[in-house]
S.K.: 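Here it is, the structure in full.
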Amino acid sequence: MTTISQADELKVLRLGVNIDHVATIRNARGGRHPDPLRAAHIAIEGGADGITAHLREDRRHISDSDIARLKAELTRPLNLEMAATDEMMAIALRHVPNACCLVPERREERTTEGGLDVLGAQSHLKGVVDRLKQAGIRVSLFIEADLRAIEASAKLGADIVELHTGAYCERALEDDVAGVSHELARLKIGAENAHAAGLEVHAGHGLTYNTVKAVARLPQIVELNIGHFLVGEAIFGGLTAAVQHMRALMAQARREA
Ligand code: PXP
């Protein structure tokens, strides 16, 4: 039976705003404008519960000094997305963000295309997870909503799994109704399994005003990380309005759930 406190716990839904693509625009011309830290402050004022930034091996958007400034100045938790490499581990241990989300990274990809190969890389990931946790950093693994990946994540001692919503959002963009319901069912079962395995459940990638509500309705999910769409919308109506509108849709979906 679900007790009241468990029911309340299931209602919480945080928004992490990913500011990578503010840095993408800055880097298109070099220099300092637009500043991702300023965007992070505005996102927090607009209702973001945390800020996410992905420091990639090729530094195509977020830079090392962005991470240092975000960590030093943010008033909300910083979630550092990174590959599980020695270089990134050293950076994480230097700055000690609130959380590290381990993601797969291939140089030639445009964005993070799939979930981590948790099963194939178990022994390597175990060392990374342990060292980050020993430093007091919460560890999240960005995975597909796949039972074996969820079980392996729990076994590795991860605190969190972030379920990859990319395939669901792709099907939605293609107006593939059957594909959307298949992907949503996969996310629903994944969220249930991850919660049952004792993992905190997050989700993200490719979410928009049109796709966020179906994911926000899944009660086990406590955080959504959203970036590209919000930064794109900010061009038309400002970042504050974009964050506020996304938050309102999330809250509405949660009330309806
Ligand atoms: N979560 C993770 C783990 C990601 O890698 C990304 C993209 O950097 C996001 C969420 C945000 O995705 P998007 O920018 O498409 O909203």
Side-chain angles (χ1 to χ4, degrees), residues 13-25 27 36 39-40 43 48-62 66-67 70 77-84 88 92 97-107 109-118 125 138-145 149 153 158-173 183 187 190-191 194 199-216 221-235 239 242-243 245-247 249-250:
L13 183 59
R14 301 188 297 265
L15 171 63
V17 173
N18 180 316
I19 39 101
D20 291 351
H21 295 302
V22 178
T24 303
I25 298 170
N27 295 357
D49 300 286
I51 296 297
T52 293
H54 184 176
L55 185 66
R56 293 188 75 106
E57 183 202 8
D58 63 9
R59 309 299 198 270
R60 69 177 69 157
H61 37 57
I62 293 294
D66 291 331
I67 296 297
L70 287 163
L78 173 64
N79 175 32
L80 171 62
E81 284 179 13
M82 60 180 225
M88 289 301 152
N98 180 265
C100 279
C101 181
L102 301 179
V103 300
E105 211 175 278
R106 285 187 302 114
R107 203 173 261 266
E109 70 190 356
R110 253 194 281 173
T111 180
T112 313
E113 282 163 5
L116 264 182
D117 177 14
V118 191
L125 287 173
R138 305 190 77 220
V139 181
S140 172
L141 303 179
F142 187 44
I143 60 168
E144 296 296 328
S153 302
D159 301 289
I160 305 160
V161 284
E162 179 161 333
L163 303 180
H164 199 311
T165 53
Y168 154 62
C169 293
E170 284 291 320
R171 299 297 84 75
L173 278 176
E183 292 302 334
L187 287 166
L199 292 156
E200 185 171 306
V201 192
H202 299 181
H205 206 283
L207 292 169
T208 65
Y209 294 153
N210 288 333
T211 51
V212 74
K213 285 178 80 176
V215 179
I221 294 179
V222 298
E223 181 172 311
L224 298 180
N225 283 300
I226 309 179
H228 181 267
F229 180 81
L230 288 173
V231 173
E233 277 298 292
I235 293 168
L239 186 57
V243 170
H245 189 56
M246 189 62 84
R247 264 220 141 291
L249 292 172
M250 287 163 56

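Since this is a predicted model, take the numbers as computed values, not measurements. Both ligands and their constituent atoms are indexed starting at 1 by order of listing. Side chains are part of it too, since the values below use all heavy atoms of this structure and drop only hydrogens, waters and symmetry mates.
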S.K.: If the plane angle is over 60° it's perpendicular, under 30° parallel, otherwise tilted; pick one for Phe142 and His164.
M.R.: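 Correct class here is parallel.
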S.K.: Check each heavy atom of Glu81 against ligand 1 and say whether those closer than 4.0 Å belong to the side chain, the backbone, both or neither.
M.R.: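 Under 4.0 Å from ligand 1, Glu81 contributes side-chain atoms alone.
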S.K.: Specify side chain, backbone, both or neither for His21, according to which of its non-hydrogen atoms lie closer than 4.0 Å to ligand 1.
M.R.: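 Answer for His21: neither.
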S.K.: Name the one of Asn18, Asp20, Asn225 that satisfies side chain to side chain donor-acceptor pair (under 3.5 Å) with Thr52?
M.R.: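 Answer after filtering Asn18, Asp20, Asn225: Asn225.
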S.K.: Might you work through the salt bridge (charged side-chain N to carboxylate O under 4.0 Å, His left out) test for Glu200 and Arg138, ending with a clear yes or no?
M.R.: CA-CA 11 Å; Glu200 185 171 306; Arg138 305 190 77 220; 2.9 Å; yes
S.K.: Within the side chain of Glu223, is there an N or O that forms a donor-acceptor pair under 3.5 Å with the backbone of His202?
M.R.: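 Answer holds: no.
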S.K.: Hey, does the side chain of Thr208 reach the backbone of Thr211 with a donor-acceptor pair shorter than 3.5 angstrom?
M.R.: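 The answer is yes, because a donor-acceptor pair under 3.5 Å joins these two groups.
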S.K.: Just jot down the ligand 1 atoms closer than 4.0 angstrom to any heavy atom of Val103, in number order.
M.R.: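 Reading through ligand 1 atom by atom, the close ones are 3 (C).
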S.K.: Taking only heavy atoms of Asn225, which atoms of ligand 1 are found under 4.0 Å from at least one of them?
M.R.: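 In order of numbering, the contacting atoms are 10 (C), 11 (C).
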S.K.: Would you say Phe229 has any N or O atom under 3.5 Å from an N or O of ligand 1, going by distance alone?
M.R.: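 In this structure, Phe229 places no N or O atom under 3.5 Å from an N or O of ligand 1.
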S.K.: Do any N/O atoms on His54 end up under 3.5 angstrom from N/O atoms on ligand 1?
M.R.: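 In this structure, His54 places no N or O atom under 3.5 Å from an N or O of ligand 1.
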S.K.: Show your working on salt bridge (charged side-chain N to carboxylate O under 4.0 Å, His left out) between Asp49 and Arg247 and close with a plain yes or no.
M.R.: CA-CA 10 Å; Asp49 300 286; Arg247 264 220 141 291; 2.3 Å; yes
S.K.: Which is closest to atom 14 (O) of ligand 1 in terms of heavy atoms, Glu162, His228, Arg56?
M.R.: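 The residue whose heavy atom sits nearest atom 14 (O) of ligand 1 is His228.
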S.K.: With respect to Gly206, determine whether any N or O atom, backbone or side chain, lies less than 3.5 Å from an N or O atom of ligand 1.
M.R.: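 Between Gly206 and ligand 1 (N or O atoms, distance only) the closest approach is under 3.5 Å.
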